[in-house]
Amino acid sequence: MPFHDDLLEKRQQLMQLGINPYPYSFPISHTLTEIREKEAELLEKDIAIAGRVTALRRQGQKVFFADVEDFDNRMQVYLKQQDFSDPVWQSILLLDIGDWVGIKGPLFKTKTGELTIWTKDFSILSKCVIRVPISKEKGDKKYYQLSDAETLCRQRYLHWITDKKARDVMVARAKILSTIRRFMENKGFLEVTTPTLELSYGGASARPFETTIHALSQEKAYMRISPELSLKRFIVGGFPKVYTICQNFRNEGIDRSHNPEFTMMEWYEAFTDYNYQMEQFEQLVSMLAKEVTGSYKVLYQDIEIDFTPPWKRMTILDAIKEIGKVDVNALSDEELKKKVHELDPKYHIIEPFSRGHIIDFLFSTLCEEHMVQPTFIIDHPLAISPLTKKKRGNPELVERFEPFVMRMEIGNAYSELTDPVEQYERLKQQREFDADSMEKEGTVHHPVDMDFVKAIGMGMPPTGGVGLGIDRIVMLLTNQHSIRDVIAFPLLRREE
RNA sequence: GGGGGCAUAGCUCAGUGGUAGAGCAGCAGCCUUUUAAGCUGUUGGUCGAAGGUCCGAAUCCUUCUGCCCUCACCA
């Protein structure tokens, strides 16, 4: 058992005193924050509060002070032997840091001026049997604060218990989600649910998690890598404005901006294109910044990010030309190959030669690290965008944008491809391309989802579609360095 | 997958070849308005795991495990 003997002993002692250390309820009259807000009106009045004990200051066997913390505040309570019957006082002496308690009594101020509750009625609400390493603090300084990164991730509850800032990240995350929902509802969008478990996968390029379905004769199945194909079926079905907020699962690398399971928001709006959606995107994200931080200008790791719309827009070719100093259009295939080889001798140039893939490589190698302030990179090559309409006036490009902030791609959007015949051809091309590069380790063979092609075949109106990476937005708006810090329970290797 | 770093008491950390330490927490006391409470005493560790070098290893070497950073992969 992981429990501590001395605390188990105290649990037993409480029971022997006739006290249930795990009672059923405790009605509170106020949260601690409410008490501080209504201090003047509540002084000398009886109140009932509950929280976790974070500090004990004993004055002999007859009186002591404790600090109690609830979700967002802390309050001192005062306990004196004369106020209690013998068994209750015995139970009070068994208190430990980490226990949950319920306190009833009048609010008063000590002679040092600290707001305190004079406990007249004491209840243990939960006896901990594992010691909780709560830090000590004076003013803003914290002492002995739990800081082992691994423990903070593996035992997130302990992170939350010991660090209010960790709880605040979750609050900000929830606020981002509710703000998004309000924004979308105001614009008349319908929130829909798409399947997590699918017999086919698509809508992105990624290696899926695989499983089998017993009820379907061990049929192979996959975890969703993107909700895109499902949402487009809604559009075909006659829902003009739909969105979803869901988990996507990609069986790929883990680092500070990638978790195998992450939260995505995607929306599709009929009769609009990517130009319109770029404005929607910057409007939504800047609003999130304002809601969460109070300003369009957000400090992230010592850099001020300015989310004020409109954001900078650059075509991917201009970015490579201006930032990377490579003018792709002025170079022949052979010259491009040479350039790529200079930049990365190990880069595997696939056959048949695809300028589109080279452009993508050049952007990520030469430009991505410079994408600090919010910037839309637009008009990507056709070859790397199989679900996107061709750019008006340039059939080698597509109408697509990827917003970058702090070197991270925080979204992806298109004027969605709606021509079913072209869609079928493009998906087949992608599959053939995959087959060609299968030898490269980790390459995924993307199936052609024929039911999706069938859906498009029945007529899909012009549509703008947008994806937004929720976890990365939370990182940016809460100044967290790693995606792990904004995901409550990130994936870690099994502990032995 | 490559390179670098870290792993010592419940927590925060010292300890670079010679008997495993401190503060906090815990335990036993003193203290009836304290607040990182204070004071006295005290329990607690296969030094991440396994192997090796050595008279002797927390410390040096090898392997393994986990975490962090970084590069690669991830259109």
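Just the heavy atoms: all of them, side chains too, but no hydrogens, waters or symmetry mates, feed the values below. First the proteins, then the strands, lettered A, B, ... as listed; each starts at 1.
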Undergrad: Of the nucleotides B:C27, B:C69, B:C67, which has the atom closest to the A:R484 side chain?
TA: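 Given the options B:C27, B:C69, B:C67, the side chain of A:R484 is closest to B:C69.
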Undergrad: Are A:F404 and A:F363 near enough that their ring centres are under 6.0 Å apart?
TA: yes
Undergrad: Hey, are A:T388 and A:R400 close enough side-chain-wise for a donor-acceptor pair under 3.5 Å?
TA: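 Side chains of A:R400 and A:T388: no pair found under 3.5 Å.
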Undergrad: Is B:U19 paired to anything, Watson-Crick or G-U wobble with both distances less than 3.5 Å, and if yes, which nucleotide?
TA: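 Per the H-bond distance test, none.
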Undergrad: Of the nucleotides B:C67, B:U32, B:U33, which has the atom closest to the A:E150 side chain?
TA: B:C67
Undergrad: Report the residue (A:R131 or A:L491) whose heavy-atom-nearest nucleotide on RNA chain B is the more 5′ of the two.
TA: A:R131
Undergrad: Which value, in whole Å, describes the distance between the C1' atoms of nucleotides B:A7 and B:A50?
TA: 16 Å
Undergrad: Taking A:T263's backbone N and O only, do any of them form a donor-acceptor pair with A:D471's side chain (distance below 3.5 Å, no angle check)?
TA: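 Yes, because the side chain of A:D471 sits within donor-acceptor range (under 3.5 Å) of the backbone of A:T263.
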Undergrad: In whole Å, what is the span from the OH atom of A:Y347 to the C1' atom of B:C73?
TA: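 Distance, rounded to whole Å: 12 Å.
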Undergrad: Can you identify which nucleotide, out of B:C73, B:A25, B:G10, has its nearest atom closest to the A:I97 side chain?
TA: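 Of the candidates, B:A25 comes closest.
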Undergrad: Can you build the contact string for nucleotides 34-42 of chain B? Use B for base contact, S for sugar-phosphate-only contact, and - for no protein heavy atom under 4.0 Å.
TA: BBBB-----
Undergrad: Does A:K142 offer a backbone N or O that forms a donor-acceptor pair with the side chain of A:Q145 under 3.5 Å?
TA: no
Undergrad: Between A:Y222 and A:N251, do the side chains contain a donor N or O and an acceptor N or O under 3.5 Å apart?
TA: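 Checked: A:N251/A:Y222 side chains show no N/O donor-acceptor pair below 3.5 Å.
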Undergrad: Do we see a donor-acceptor contact under 3.5 Å between the side chains of A:T375 and A:R313?
TA: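 Side-chain D/A pair, A:T375 to A:R313: absent.
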